[in-house]
Engineer: 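Structure provided below as structure tokens; questions to follow.
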Amino acid sequence: MALNITHQIGGSLRGGPLLIPRGPSSMQSRLSSHLNFTSIWKPLLPEFIFRRIKEPTNKIQPPADIESVRLSSVVNNEQLDHTVENPTPVKKEEVEEEKVRGVPVYVMLPLDTVKKKGGLKRKKVIDASMSALRCAGVEGVMMDVWWGLVEWEAPGEYDWSAYVELINMARKHELKVQAVMSFHHCGANVGDSCTISLPRWVVEIMGHTEDLSYTDRYGRRSQEYISLGCDTVPVLRGRTPVQCYRDFMVAFRNRFSCLLGSTIVEIQVGVGPAGELRYPSYPEKDTTWQFPGIGGFQCYDKYMLRSLNEAAAAEGKPEWGHGGPTDAGGYNNRPEDTCFFCRHGGWSTSYGDFFLTWYSQQLIDHGERIISSAKTIFFSNDVTISVKVAGIHWHYGTRSHAAELTAGYYNTRVRDGYLPIAQMLRRHGAAFNFTCLEMNDLEHPRDAKCMPETLVRQVVKAAREAEVELSGENALPRYDRTAYEQILKLALTAEVGRRKMMHGFTYLRICSDLFHPRNWKEFVVFVKKMADGNGGGRDECALSLTRVPAGVSMMNGKFEMEE
């Protein structure tokens, strides 16, 4: 889901709202109970939660405050499997009064939480993890709603049963949900722990009609995401791709309408590879691209070429419409290796400006088509619509910003490529979600000229100028205090509009490493600092959830519940 470049950090880093006041007093009361934990290194859930799964409830009684939270929204097993209950309505005035003063923290669920043929993987582990997150003060969870799983069999046939169960599980633990409309293929990016393709019937069509795939100058096709060049062409059994995305979101709204605005508080709309608004310019599959290569332009399918040809003709330069720059090098080149991206290269010429303007505008128009549909669909449901933009920070220290250009962001030393995106999101009332908040400029290889911290500051400035809500994510699974302090510094000082800080932060992601005793301690303190909104000292009351028991283990890269 997020951009994960593990090469940059080094081998040591492996790899709504039911509102509850989040001030110091409420956090104190929630975390001050002395829970009985064990320090055995195995992932890691509070012992009373694990025992409630393994033993009858009359054998152990958890602290009263935790039990009251659990019992306040119990849903019986049959309802979890089949129904979504109507929540108690919350008045808008009450929402305004009880808004957290800091930055709410959400945590991403594993990518493969939902099985390919329905049902949930590691159900007991996910259930216990949600309990632990709730006790730590986490606001909610983010879950991928995979197009390739829900509409797998045939057009218009949607199977929501697994998501009914998952969302009810979150509701049982009084966690809010950020639902990601994931219209992309999972498995081609760093950090993708599983493979989830596009719907079978879509893959079959793409196999017969190759120009539905993004294509580079070498003829390589990408099936991560349908090419935006055919957004408005009825190539999917009489429907356009944008119509398919719209129908999917309408079906989601109809199925979960009673929980929109209460449990489901955000819809993040997938608009490209990894769900991000970008081109698949740095494909890691089969080592086509390796960090810190500049990537490659993705404009060679017949639909993109047709659009480029029309734009060049309108410019009075038909010779510019036959493809992208021919001197832009390969995926793993550095900017200085190419004529187009070097210091005074083709990117700074009239032709370069024409091509990069067209290339980036195609991406913005694509995002706008889908976001405008999402806004219409969810307009009356009181949910936040958001879009994620990739944090492409390598070669940011050069004049051309080559890696950003191939991804579709016309951002250079002399041009702001993120303000037009922010302005587009503002037109539709959508939030700007940006990644790599945990990174700083000094922790990367010098020759890659990475400047993630500076890039984030530029995005914050663009969001402020456009007056669009800004939220963030970490790009890598980090558990160290340095990363948390970096997130706190950026999230709590990103003044946008009336807010003096970010709208929200989503942490990547639930896994066994998160619940390691040392990592869990740092995470709990981080969540409290975010909730307080001041990044203050290490409050000892937050350290009562620092050790976790045996019971869940990481085997062959997958969660397992020990029997």
Engineer: State, to 0.1 Å, how close Pro335 and Thr398 come at their nearest heavy-atom pair, and which atoms those are.
Structural biologist: CG-CG2, 4.4 Å
Engineer: Over all heavy atoms of both residues, which pair between Leu236 and Pro241 is shortest? Give the atoms and the distance, please.
Structural biologist: CD1-CA, 3.9 Å
Engineer: Between Gln178 and Thr506, do the side chains contain a donor N or O and an acceptor N or O under 3.5 Å apart?
Structural biologist: yes
Engineer: What I want to check is whether the side chains of Ser386 and Asn433 have a donor and an acceptor closer together than 3.5 Å.
Structural biologist: no
Engineer: Taking all atoms of both residues into account, what is the closest heavy-atom pair of Ile377 and Met249, and its distance?
Structural biologist: CD1-CB, 3.7 Å
Engineer: Is it true that the side chains of Tyr410 and Asp353 contain a donor and an acceptor less than 3.5 Å apart?
Structural biologist: yes
Engineer: Please determine, by modelled atom types, if Trp152 and Ser197 share a side-chain donor-acceptor pair under 3.5 angstrom.
Structural biologist: no
Engineer: Side chain to side chain donor-acceptor pair (under 3.5 Å) with Asn254: which residues, sequence neighbours excluded?
Structural biologist: none
Engineer: Using the ring pair (Phe, Tyr, Trp, His ring centres under 6.0 Å) rule, collect all pairs that involve residues 359-378, keeping only residues at least two apart or in two chains.
Structural biologist: Tyr225-His366, Tyr279-Tyr359, Phe297-Tyr359, Phe355-Tyr359
Engineer: What pairs of residues pass the side-chain hydrogen bond (donor to acceptor under 3.5 Å, both in side chains) test when at least one of them lies in residues 418-430, not counting sequence neighbours?
Structural biologist: Glu368-Arg427, Glu368-His428, Glu404-Tyr418
Engineer: Kindly write out the residues that satisfy ring pair (Phe, Tyr, Trp, His ring centres under 6.0 Å) with Tyr484, not counting sequence neighbours, or none if the list is empty.
Structural biologist: Phe526
Engineer: Once side chain to side chain contact (heavy atoms under 4.5 Å, CB included) is applied, do any residues pair with Met206, and if so which ones, sequence neighbours excluded?
Structural biologist: Leu198, Val202, Leu212, Ser213, Gln223, Ile226
Engineer: Output all residues satisfying ring pair (Phe, Tyr, Trp, His ring centres under 6.0 Å) with Tyr396, sequence neighbours left out; order by chain, then residue number.
Structural biologist: His401
Engineer: Among residues at least two apart in sequence or on other chains, which ones pass ring pair (Phe, Tyr, Trp, His ring centres under 6.0 Å) with Tyr351?
Structural biologist: Trp320
Engineer: Considering residues at least two apart in sequence or located in another chain, which fulfil the salt bridge (Lys or Arg N to Asp or Glu O under 4.0 Å) criterion with Arg369?
Structural biologist: Asp231
Engineer: Under the side chain to side chain contact (heavy atoms under 4.5 Å, CB included) test, which residues partner Pro318, sequence neighbours left out?
Structural biologist: none
Engineer: What residues form a side chain to side chain contact (heavy atoms under 4.5 Å, CB included) with Ile364, not counting sequence neighbours?
Structural biologist: Gln361, Pro420, Ile421, Met424
Engineer: For a quick test of reading the model, state the closest non-hydrogen atom pair linking Leu305 to Cys299 and the distance between them.
Structural biologist: CD2-O, 3.4 Å
Engineer: Assess the side chains of Asp144 and Ser182: does a donor N or O sit below 3.5 Å from an acceptor N or O?
Structural biologist: yes
Engineer: Among all residues two or more places apart in sequence or in another chain, which pass the side chain to side chain contact (heavy atoms under 4.5 Å, CB included) test with Lys489?
Structural biologist: Glu453, Gln486
Engineer: Considering only NZ, NE, NH1 and NH2 on the basic side and carboxylate oxygens on the acidic side, decide whether Asp301 and Arg221 come within less than 4.0 Å.
Structural biologist: no
Engineer: For Glu465, enumerate each residue passing the side chain to side chain donor-acceptor pair (under 3.5 Å) test, keeping only those at least two apart in sequence or located in another chain.
Structural biologist: Lys461
